[in-house]
**Student:** 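Could you have a look at this structure, given as structure tokens, before my questions?
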Number of protein chains: 2
Amino acid sequence: MKDDSIKIYDVANKANVSIATVSRVLHGSDKVTSKTREKVMKVIDELGYTPNVFAQGLGLKTMHSIGILVPTISDTYMSSAVAFLEQRLAGNGYNCILSNSGFELTGKKSHVELLLSKRVDALILVGSTYAGSGNSDEETDYIREAARQVPIFIINGNVQGEGIYSSVCDDLDATFEATDKLIKSGYKKVVFLTDSHSYSANKKRAGYEKALKENGITLKKGMELDVENRIHKVRDYLLSRKSLNADAFIATNDDIALGVYKYAMERGLKVPEDISIVGYNNSAMSIACEPEMTSIDNKTEKICNDTVDRMISLLENPELEIPRKITVKCDLIERGSTNF
Amino acid sequence: MKDDSIKIYDVANKANVSIATVSRVLHGSDKVTSKTREKVMKVIDELGYTPNVFAQGLGLKTMHSIGILVPTISDTYMSSAVAFLEQRLAGNGYNCILSNSGFELTGKKSHVELLLSKRVDALILVGSTYAGSGNSDEETDYIREAARQVPIFIINGNVQGEGIYSSVCDDLDATFEATDKLIKSGYKKVVFLTDSHSYSANKKRAGYEKALKENGITLKKGMELDVENRIHKVRDYLLSRKSLNADAFIATNDDIALGVYKYAMERGLKVPEDISIVGYNNSAMSIACEPEMTSIDNKTEKICNDTVDRMISLLENPELEIPRKITVKCDLIERGSTNF
DNA sequence: CCCTCTTCTGTAAGCGTTTACATTCCCCTG
DNA sequence: CAGGGGAATGTAAACGCTTACAGAAGAGGG
């Protein structure tokens, strides 16, 4: 709004050097006498000079900003991921342009385009990538397309391609272990609940099915249920099912799992005596209920930090080879909702 | 990364017009024949031209971006606010630079500076403003200082000054009503729980005290408690207090209120038979517990939308007078945790 | 003390737009 | 059909920085 109007010229003048020298000082170039450097620094300080990012952007072709795309920030998992990402990025001098794309493909596409038009240095896509789950080539395509412009980092999603990097947690393993543990503890009917067919959700499902198989249980109808991600919707849906004599539930997020609590309450079932419940994400939700919920910690912080670190290395040194994909192991956090 | 290298020149050449004309088309100037406009549009489309925002920024002195500062995005209230803000802003062609400042003043200051250096068009500060609560002139100062550069919009905070606008909900009223209702329903000892001395928190406290006063109750020690905003911390703190024979609690957010549930559970108190609980924010947390929580809906969506709308009017027309402060009424959402 | 080599500093040409101002083009009017 | 006026278009100067390249200043050797 108000123009500070202190430009590099003013600094140069007052310090009796050329603007080139000021610029060099600003960028920590080593071809400046320490004496000149100090002189310039002092003037910069006195004048309160801040370089104009637009002009810098024109010259450097970057503004050191990263686009973060989430389907919805008001989801506890997404918002914590964004928090971790932002923090790490800020620590490295990058700022975040946030975009709430929604779950629709068209929305995502247009938001990606918008971010690219802002000339971000890289894009981070958090969750909800259907691509790679085999049923949306269109999603794969637009991501690949975008990756021709800037490197893309996907968190808990998976798209292969030039310039595309991903960080995932080992959902399959985690779900396998949890399911296996339930079965081995004597549970007869473990039901799997999900609200999406995203890459992560599919891996979780695979882990669940693997556990059934290895324990000689055949998957029957009604053991894998598609629900809506709203506590009460889940409850109502479960209540509506006639013969749901499940004794354990494993859900792809904590909100869904909370729906099971509500269902249990309604049916008069005790947790964990009558039914056990395992949630996912180990979010704040998991300790809101009573008994507190056993949940799978998918290591959001670690994944986010690793992602940012790899990204920074790549940006600072494009020649560098960085791992295309990293996988982090989840933790099963045992609380009162299970009776292992 | 990869340079598209399609610039306005290319468009101009191919369309046989000057770059000025292309620029005019781009900005919807009316001084262009519709024929020329179409011709240019067509070429822009064919070439897939996207203007370089840095160059545009240099010329226009804006990149149409808004800085959003939150103390922590991983709080349900903050993240939902950011979601609403982002959505509304994106709908108006602005993008958001997000900054997680933490609660410390120094952090906030440096983040604000960073955002300003990015030449944002305006700043939105969400919650956690201690300024105006009388105990931090330093905070008032740096906000006023920043407001000399760009307009600042504060959500649920209050700082007066040139270029500073705020949107708040009527916390005092809401807390007054809830407390009053509890007292009138026969509760003898209503305890107020807070984790901060922010502007909002202070208003809530004032509403609580007003209700006590109007009902002829004198505020005694132990009726207003400062707690840490972590479910288990709240529980432990309450458990540690010897003679806390409260029969109702009113908390400044839902997480704190959940701590009361945990405390009740531990003490064997039934909700709402033995104690009533009122939360704040009407967040997802409020329906996670059992019985579900009565909570005060502070109208985040409305406040955010109003804020963005006022901001846009101001930015598009700086002469325009927009209200300095708007106040929105809260709703008391009654659920099972109270026995009014 | 002069010359060479190295290191530091300055000059000026971009970077890709916007936009004030100049110019051209049309369409009327007389 | 000349001339005037207004609308459409073009020209070129910003915008504020980075950086290749040129030039100056020191250091060191003969």
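Side chains are part of it too, since the values below use all heavy atoms of this structure and drop only hydrogens, waters and symmetry mates. The model shown is predicted, which means the values in this text are computed figures rather than measured ones. Below, chain A is the first sequence line, B the second, and so on; all start at residue 1.
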**Student:** What nucleotide, of D:dT19, C:dT18, D:dC17, holds the atom closest to the side chain of A:Y9?
**Tutor:** D:dC17
**Student:** Report the distance from atom CG of A:N52 to atom C1' of D:dC15, rounded to the nearest whole Å.
**Tutor:** 8 Å
**Student:** Restricting to pairs with a member in residues 12-41 of chain B, which pass ring-ring contact (aromatic ring centres under 6.0 Å, His included), not counting sequence neighbours?
**Tutor:** none
**Student:** Just the rounded figure in Å: distance from P of C:dG16 to CG of B:N13.
**Tutor:** 14 Å
**Student:** Remember a base hit wins even if backbone is also touched, and classify A:V17 as base, sugar-phosphate or nothing at under 4.0 Å, heavy atoms.
**Tutor:** sugar-phosphate
**Student:** How long is the line joining CG of A:L58 and P of D:dA14, in whole Å?
**Tutor:** 17 Å
**Student:** Mind calculating the distance between NZ (B:K61) and C1' (D:dG16) to the nearest angstrom?
**Tutor:** 8 Å
**Student:** Sequence neighbours left out, what passes ring pair (Phe, Tyr, Trp, His ring centres under 6.0 Å) with B:Y94? Give chain and number order.
**Tutor:** B:H64
**Student:** Can you pull every protein N or O that's under 3.5 Å from an N or O on nucleotides 11-13 of chain C?
**Tutor:**
none

**Student:** Under the salt bridge (charged side-chain N to carboxylate O under 4.0 Å, His left out) rule, what pairs show up with a residue in residues 305-320 of chain B, not counting sequence neighbours?
**Tutor:** B:R88-B:D309, B:K302-B:D306
**Student:** Using only side-chain N and O atoms of A:S23, determine if any of them is under 4.0 Å from OP1 or OP2 of D:dT18.
**Tutor:** yes
**Student:** Choose from C:dT19, D:dT18, C:dT17 the nucleotide whose nearest atom is closest to any side-chain atom of A:Q56.
**Tutor:** D:dT18
**Student:** Would you please name every residue forming a ring pair (Phe, Tyr, Trp, His ring centres under 6.0 Å) with B:F54, sequence neighbours left out?
**Tutor:** none
**Student:** Figure out the CZ/C1' separation between A:F54 and C:dG16, and round it to whole Å.
**Tutor:** 14 Å
**Student:** Which ones in residues 32-47 of chain A lie close to DNA chain C, meaning a heavy atom under 4.0 Å from one of its atoms?
**Tutor:** A:V32, A:T33, A:T36
**Student:** Can you tell me which residue pairs pass the salt bridge (charged side-chain N to carboxylate O under 4.0 Å, His left out) test with a partner in residues 8-28 of chain B, sequence neighbours excluded?
**Tutor:** B:K14-B:E46
**Student:** So does B:E139 pair up with B:K109, basic N to acidic O under 4.0 Å?
**Tutor:** no
**Student:** Is it true that B:K35 and B:E38 have a side-chain N and a carboxylate O under 4.0 angstrom from each other?
**Tutor:** no
**Student:** Holding to side chain to side chain contact (heavy atoms under 4.5 Å, CB included), I want the full list of residues that pass it with B:S313, two or more places apart in sequence or in another chain.
**Tutor:** B:L320, B:I322
**Student:** Taking only residues two or more places apart in sequence or in another chain, which ones pass side chain to side chain contact (heavy atoms under 4.5 Å, CB included) with B:T72?
**Tutor:** B:S74, B:D75, B:N100, B:F103
**Student:** Take atom CD1 of B:I8 and atom C1' of C:dT19, then tell me their distance rounded to the nearest Å.
**Tutor:** 11 Å
**Student:** End-to-end bend of the helix from C:dC1-D:dG30 to C:dG30-D:dC1 (five-pair axes, 10° rounding)?
**Tutor:** 50°
**Student:** For the pair made of NZ in B:K7 and C1' in C:dG16, what is the distance, rounded to whole Å?
**Tutor:** 8 Å
**Student:** Inspect the surroundings of CD in B:Q56 and state if more than 12 heavy atoms from other residues, nucleotides or ligands are less than 6.0 Å away.
**Tutor:** yes
**Student:** Which comes earlier along DNA chain D counting from the 5' end, the contact point of B:K31 or that of B:G59, where each point is its nearest nucleotide?
**Tutor:** B:K31
**Student:** Measure the distance from CG on A:D10 to P on D:dG16 and round it to the nearest whole Å.
**Tutor:** 10 Å
**Student:** Using the side chain to side chain donor-acceptor pair (under 3.5 Å) criterion, which residues pair with A:Y77? Sequence neighbours excluded.
**Tutor:** A:N156
**Student:** Sequence neighbours left out, what passes side chain to side chain contact (heavy atoms under 4.5 Å, CB included) with A:S18? Give chain and number order.
**Tutor:** A:A20, A:T21
